[in-house]
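Proteins get letters first, then strands, A, B, ... in listed order; numbering begins at 1 in each. No hydrogens, no waters, no symmetry mates; every other heavy atom, side chains included, goes into these values.
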Amino acid sequence: MSLFIYNTLKRKKEEFVPLHDGKIGIYVCGITAYDRCHIGHARSAVVFDVIVRFLRKSGFDVTFVRNFTDIDDKIINRSNKEGISTSELVEREIGHFYQDMDALGVKRADIEPRATEHIPEIISLIERLVDRGYAYEAGGDVYFSVRKFPNYGKLSGRDLEQLLAGARIMPGEHKVDPLDFALWKGAKPGEPYWESPWGKGRPGWHIECSAMSMKYLGETFDIHGGGLDLAFPHHENEIAQSEAATGKQFVRYWVHNGFVTIKGEKMSKSLGNFITIKDILEQYHPEALRLFLLSKHYRSPLDYSPESLNEATSALDRCYKALFEAAQIVEAPVKKQRPLPEHVKESAAFIKGLEEKVDVAMADDFNTAKALGHIFDAIRGVNRILEEARRKPSALYKEILKDSSRQILQAAKIFGILTEDPGAYIEKRNLAALESSGLSLKELETLIEERNNARKEKNWERADEIRDSLAQKGILLKDTPTGTKWSADL
RNA sequence: GGCGGCGUAGCCAAGUGGCUAAGGCGACGGUCUGCAAAACCGUUAUUCCCCGGUUCGAAUCCGGGCGCCGCCUCCA
């Protein structure tokens, strides 16, 4: 199956053909480790996590690199403010990052390089640029001469004159042209520094990604990703530096994810309107967050609200409930071998084709929203089969439900959802509801018994009273042929 | 101001020239139930921001409006 990817460089969807047959190198800009990650970071992480999973499943041998920026102005400022070293701050925040990602089920990249561990590579890349006349030293800094690189602006669609209007030289900078950007920054007193041919200093932000991506993936590689806000200037500068140094195309496909917004505005540290991953996960299941993040195409803006997470939670519950019910049927002893009705066979046949449908959707520029739609269709299919299985039990349902569940789980894998045991998921929700209701299990069971006695005596008033008061506490009662069941208000 | 994107049901959202405009959340009616809940079935956009054009045919292409958002400074 051909894979189509929207390439920011070309501003259109195009067929993806890897540089080396069957192999893909992908580099994604990671975080600057100075603060907790918010939902915007989660989106980028989850989107590329899913993309990498899909590429691997499609048979590609993927090398996935995601960096940590562990030295820059924000890190220095923050560590000064907190009175700790930059490395203490960075270690702490990378620890937080891993906590969040592990909770979210975002897999580690194959290589997770840090800028400070690649100073020699960075220096040699800068030297190459100086040698080729694209960079110059000034006052202990080294700058890239934007005007010497003719293709500058090709990614973000800007020309130099426009850029010049907004560009300026800040105090303390030594650049010759306002358009130029720093490759190396001379150390100010008290700042961390490394020795270099230009004296003590540290790398600029953009150069680390060029140096590290080319080190691990080669001077030309397939996919470079990141948030849309990185397209300019970060990625534009990466292209300029890398291509000026090598004379070769740097990246073949640029992939940018859209922002998470809140009330229609971009969520960002500077606007202060962000919600951290940690905060979200205290209230919602990690898979509900993944479902929310994947519910819209990765390039579009995605608006966060508590309601949207509640919706995602309801949708997730629906899936787990169906899978749980299916597992119950699979385990229940049934002797009858009634033949299966036609519509059950149709549902099962649809579910058999699920993985292929999901793959087709994903191969079209990673259309997760469409793919998830197919998964929900399949869940409805399972519920249809269950409906029939409850009405007219037959041992034949066991196999068909087992198969259907397996296919759904298989298809859901690349999204990192439905990874829990359905029984455990529901149990967890139920216990949480019980706890927040303030009742003990014993008290709840006593109430259920009392209600059932009332029902036997047709004392509906008392029975409903008990049910209503439990409902107010978030516990639902369900009278089934096999007795009264209680559950969280799913 | 320059560049880019978006506007599909009550809400979220897929669909980029032609089969019944996916799916989720919600609402309403039915089946089930003592009544409920869950699940299933049905209803919920004769129409895709507005106006004009191209075409046998447009949500989808083109032109013009209106509205929203992003980038142009650190940002996933």
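- Close to B/A76, at under 4.0 Å from its OP1 or OP2, lies no side-chain N or O of A/Asn257.
- Applying the side-chain hydrogen bond (donor to acceptor under 3.5 Å, both in side chains) test to A/His297 and every residue at least two apart in sequence or in another chain returns A/Asp365.
- Going from atom CE of A/Met362 over to atom P of B/A22 covers 22 Å, rounded to whole Å.
- Between B/C71, B/G24, B/C40, one nucleotide has an atom nearer to the side chain of A/Phe232 than all others, and that is B/C71.
- Evaluation of atom-type donor-acceptor distances gives no pair under 3.5 Å for the side chain of A/Asp229 against the base of B/C72.
- For the pair A/Arg390 and B/C32, the criterion of a side-chain N or O lying under 4.0 Å from OP1 or OP2 is not met.
- Between the side chain of A/Arg380 and the base of B/C40 there is no donor-acceptor pair of N/O atoms closer than 3.5 Å.
- Comparing A/Ser44 and A/Leu228 by the nucleotide of RNA chain B whose heavy atom lies nearest to each, the residue mapping closer to the 5' end is A/Leu228.
- For the pair A/Arg202 and A/Glu191, the salt-bridge criterion is met [side-chain N within less than 4.0 Å of a carboxylate O].
- Look at A/Asp279 and A/Arg36 and you find no salt bridge, because none of the NZ, NE, NH1 or NH2 atoms lies under 4.0 Å from a carboxylate O.
- Of the candidates B/C75, B/A39, B/G34, the closest approach to any side-chain atom of A/Arg455 belongs to B/G34.
- Side-chain N/O atoms of A/Lys296 include one lying less than 4.0 angstrom from OP1 or OP2 on B/A13.
- Considering only residues two or more places apart in sequence or on other chains, A/His374 meets the ring-ring contact (aromatic ring centres under 6.0 Å, His included) condition with none of them.
- The aromatic ring of A/Phe259 is not stacked on the base of B/A76, since the criterion of ring centres less than 5.5 Å apart with planes inclined by under 30° is not met.
- Contact annotation: A/Arg11 does not reach the phosphate of B/G4 (side-chain N/O to OP1 or OP2, under 4.0 Å).
- Taking a pair to require two hydrogen-bonding distances under 3.5 Å in either a Watson-Crick or a G-U wobble arrangement, B/G1 pairs with B/C72.
- Contact check, A/Arg66 against B/A76: no side-chain N or O comes under 4.0 Å of OP1 or OP2.
- Between A/Asp377 and A/Arg158, the residue whose closest nucleotide on RNA chain B is further toward the 5' end is A/Asp377.
- Cation-pi check for A/Lys269 over A/Phe274 is met; the charged atom lies under 6.0 angstrom from the ring centroid and within 45 degrees of its normal.
- If you measure from atom CD of A/Glu265 to atom C1' of B/G5, you get 17 Å, rounded to the nearest angstrom.
- Judged by distance alone, with hydrogens and angles left aside, A/Arg467 brings a side-chain donor or acceptor within reach of the base of B/A36, the pair sitting under 3.5 Å.
- Ranking B/A38, B/A14, B/U73 by closeness to the A/Ala369 side chain, first place goes to B/A14.
- A close approach under 4.0 Å does not occur between any side-chain nitrogen or oxygen of A/Arg318 and OP1 or OP2 of B/G26.
- Phosphate contact (OP1/OP2 of B/A76, side-chain N/O of A/Lys266, threshold under 4.0 Å): absent.
- Across the protein-nucleic acid pair, A/Arg299 atom CZ and B/G70 atom P stand 19 Å apart, rounded to whole Å.
- Put simply, A/Asn367 has a side-chain N or O that comes within less than 4.0 Å of OP1 or OP2 on B/G15.
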